[in-house]
Amino acid sequence: MIKFTSVTKRYSEPEPALKDVTFNLEAGQFSFMTGHSGSGKSTVLKLAHMAERPTLGDIFVNGFSSKRTARRDIWKLRRQVGFIFQDFRLLPNRTVLENIAFVLEVINTPSKEIKERSRILLNKVQLEAKSDRMIEDLSGGEQQQVAIGRALAGNPVLLLADEPTGNLDTESTKNIMDLFWSINQSGTTVLMATHDLNLIQDHPQARLLELHSGKLINDSGIKASY
Ligand SMILES: Nc1ncnc2c1ncn2[C@@H]1O[C@H](COP(=O)(O)OP(=O)(O)OP(=O)(O)O)[C@@H](O)[C@H]1O
Ligand SMILES: [Mg+2]
């Protein structure tokens with residue numbers, strides 16, 4: 001589902017953000033990606049989403065090649081991939097419901113189904129009671145839950161989640177992890193960046209990829225898919 005082969009990514013700094021990173025995440029797997037701040041976790045996810053391109057090396061995501069996918073075709077990949085941004089990137093001045101409904105409209109959901117599907121998604125992230133609230137009136141944790149609901153709206157084959165529980169309390173984190181496991185069980189591949197070691201310890205069934213200063217220093221290997 002995601003294949004990185006000798007990927008190096010250099011931004012403006014001379015020191016690359018990623019150095020010769022190689023890994024292969026099979027369809028159906030659940031993997032954490034951990035490492036200290038600045039180790040390159042978000043960079044891996046942005047490359048997998050083609051928001052960035054590698055400086056060196058090859059990336060394949062759900063059959064799309066970093067070398068061969070034209071900019072105008074990236075939407076075809078993104079239609080099948082849910083992305084939870086570290087900084088949420090919700091539509092401001094819109095309600096919770098409108099943020100979810102917007103994605104459903106983009107993927108051509110019949111208009112009579114939009115309300116019901118939005119309601120189901122908001123129920124999954126435990127925000128149904130706040131569906132008419134404006135985004136800017138929500139707490140950071142609640143905004144994160146909206147961002148999670150939005151990422152799942154298109155039933156993605158792949159979920160790229162960047163610190164998706166970073167703003168959540170223990171109970172909401174558990175709900176979101178249960179939700180991720182359940183979508184993984186129904187076939188969605190999950191790659192989740194986190195530096196929450198307790199969370200990783202609580203889920204030994206997941207694969208663990210660890211970055212240190214842009215290098216992949218640890219890979220617990222391919223674990224059984226669910
Ligand atoms: N757009 C950019 N331009 C220049 N440098 C960048 C850019 N994005 C990231 N970097 C640098 O690349 C390195 C890796 O950053 P990245 O955001 O991938 O780390 P991270 O592991 O996600 O960190 P955190 O845990 O703080 O979210 C850092 O040194 C960062 O400063
Ligand atoms: Mg990051």
Side-chain angles (χ1 to χ4, degrees), residues 1-25 29-61 64 66-67 69 71 74 77-78 81-90 125 139-152 156 158-170 172-173 176-177 180 189-203 206-220:
M1 178 59 73
I2 302 182
K3 190 167 185 214
F4 274 48
T5 308
S6 305
V7 171
T8 291
K9 174 64 184 175
R10 187 176 285 114
Y11 293 106
S12 44
E13 305 291 311
E15 185 70 5
L18 288 183
K19 299 168 198 161
D20 200 19
V21 169
T22 297
F23 71 91
N24 185 2
L25 189 68
Q29 283 198 311
F30 190 119
S31 184
F32 290 118
M33 169 151 288
T34 192
H36 58 82
S37 275
S39 59
K41 304 181 293 297
S42 295
T43 299
V44 167
L45 296 182
K46 287 176 193 164
L47 287 164
H49 201 228
M50 294 202 189
E52 296 284 349
R53 303 277 181 146
T55 311
L56 294 170
D58 273 322
I59 300 174
F60 278 89
V61 182
F64 289 79
S66 61
K67 285 205 170 122
T69 307
R71 207 177 235 256
I74 292 178
L77 168 70
R78 295 207 179 141
V81 178
F83 199 106
I84 301 164
F85 296 91
Q86 198 165 3
D87 54 0
F88 316 145
R89 301 196 201 175
L90 299 167
V125 296
S139 72
E142 288 165 342
Q143 292 190 27
Q144 189 150 40
Q145 285 166 297
V146 180
I148 293 167
R150 180 184 60 178
L152 300 180
L158 170 65
L159 178 66
L160 300 168
D162 199 351
E163 302 279 358
T165 59
N167 293 272
L168 302 183
D169 61 27
T170 316
S172 305
T173 296
I176 292 303
M177 290 310 297
F180 286 0
T189 310
V190 180
L191 180 58
M192 169 174 165
T194 181
H195 44 224
D196 184 342
L197 293 179
N198 290 328
L199 197 79
I200 293 169
Q201 276 165 9
D202 285 347
H203 297 90
R207 182 174 174 184
L208 180 63
L209 297 161
E210 185 177 358
L211 290 164
H212 184 83
S213 304
K215 283 196 180 141
L216 190 62
I217 55 158
N218 183 13
D219 180 355
S220 69

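What you see below is based on every heavy atom in this structure, not just the backbone, and it leaves out hydrogens, waters and symmetry mates. This structure is a prediction, so every number in the text was calculated from the model and none was measured. Start at 1 and go down the list; that is how both ligands and their atoms are numbered.
Close contacts between ligand 1 and Gln86 involve ligand atoms 27 (O) [criterion: under 4.0 Å to a heavy atom]. Every atom of ligand 1 with a heavy atom of Ser12 under 4.0 Å away is listed here by number and element: 4 (C). Less than 4.0 angstrom separates some heavy atom of His195 from each of these atoms of ligand 1: 25 (O).
A donor-acceptor pair shorter than 3.5 Å cannot be found between the side chains of Asp58 and Thr5.
Judged by distance alone, the side chain of Arg207 and the main-chain N or O of Asp219 form no donor-acceptor pair under 3.5 Å. Remark: the backbone N or O of Glu210 is not paired with any side-chain donor or acceptor of Thr34 at under 3.5 angstrom. Looking only at distances, no side-chain donor or acceptor of Thr165 sits under 3.5 Å from a matching main-chain atom of Leu168. In this structure a side-chain-to-backbone donor-acceptor pair under 3.5 Å is missing from Gln29 to Met1.
In this structure, the ring of His36 has its center less than 6.0 angstrom from the ring center of His212.
Between Pro156 and Val81, the closest heavy-atom pair is CB-C, 3.9 Å.
Across the listed options Gly214, Ser213, Ala51, Gly40, Gly40 owns the non-hydrogen atom lying nearest to atom 19 (O) of ligand 1. When the options Ser39, Ser42, Ser37 are ranked by their closest heavy atom to atom 26 (O) of ligand 1, first place goes to Ser37.
Ring planes of Phe30 and Phe32: perpendicular class, angle over 60° (limits at 30 and 60°). The aromatic rings of Phe83 and His49 lie tilted to each other, with the angle between the two planes from 30° to 60°.
In terms of protein heavy-atom proximity, atom 6 (C) of ligand 1 is closest to Tyr11 CD1, 3.2 Å. Nearest protein heavy-atom neighbour of atom 12 (O) of ligand 1: Ala17 CB, 3.3 Å. Protein heavy atom nearest atom 25 (O) of ligand 1, with residue, atom name and distance: Lys41 NZ, 2.7 Å.
Residue contacts with ligand 1: Thr43 is placed with a nitrogen or oxygen under 3.5 Å of a nitrogen or oxygen of the ligand (distance criterion only). Among the atoms of Gly38, some N or O lies under 3.5 angstrom from an N or O of ligand 1. Considering backbone and side-chain atoms alike, Glu163 places every N or O at 3.5 Å or more from each N or O of ligand 1.
In this structure, atom 31 (O) of ligand 1 has its sub-4.0 angstrom surroundings free of protein heavy atoms. For atom 14 (C) of ligand 1, the protein comes within 4.0 Å by at least one heavy atom.
Not one N, O or S atom of Thr43 sits under 2.8 Å from the Mg ion (ligand 2). With 2.8 Å as the limit, Ser42 counts as an N, O or S neighbour of the Mg ion (ligand 2).
Counting heavy atoms from C-beta outward, Leu77 and Thr69 have side chains that stay 4.5 Å or more apart.
Note on ligand 1: His36 sits in its first shell, one or more heavy atoms being nearer than 4.0 Å. Distances from ligand 1 to the non-hydrogen atoms of Glu13 include no value under 4.0 Å.
Shown here is Lys19, whose NZ atom has more than 12 heavy atoms of other residues, nucleotides or ligands within 6.0 Å.
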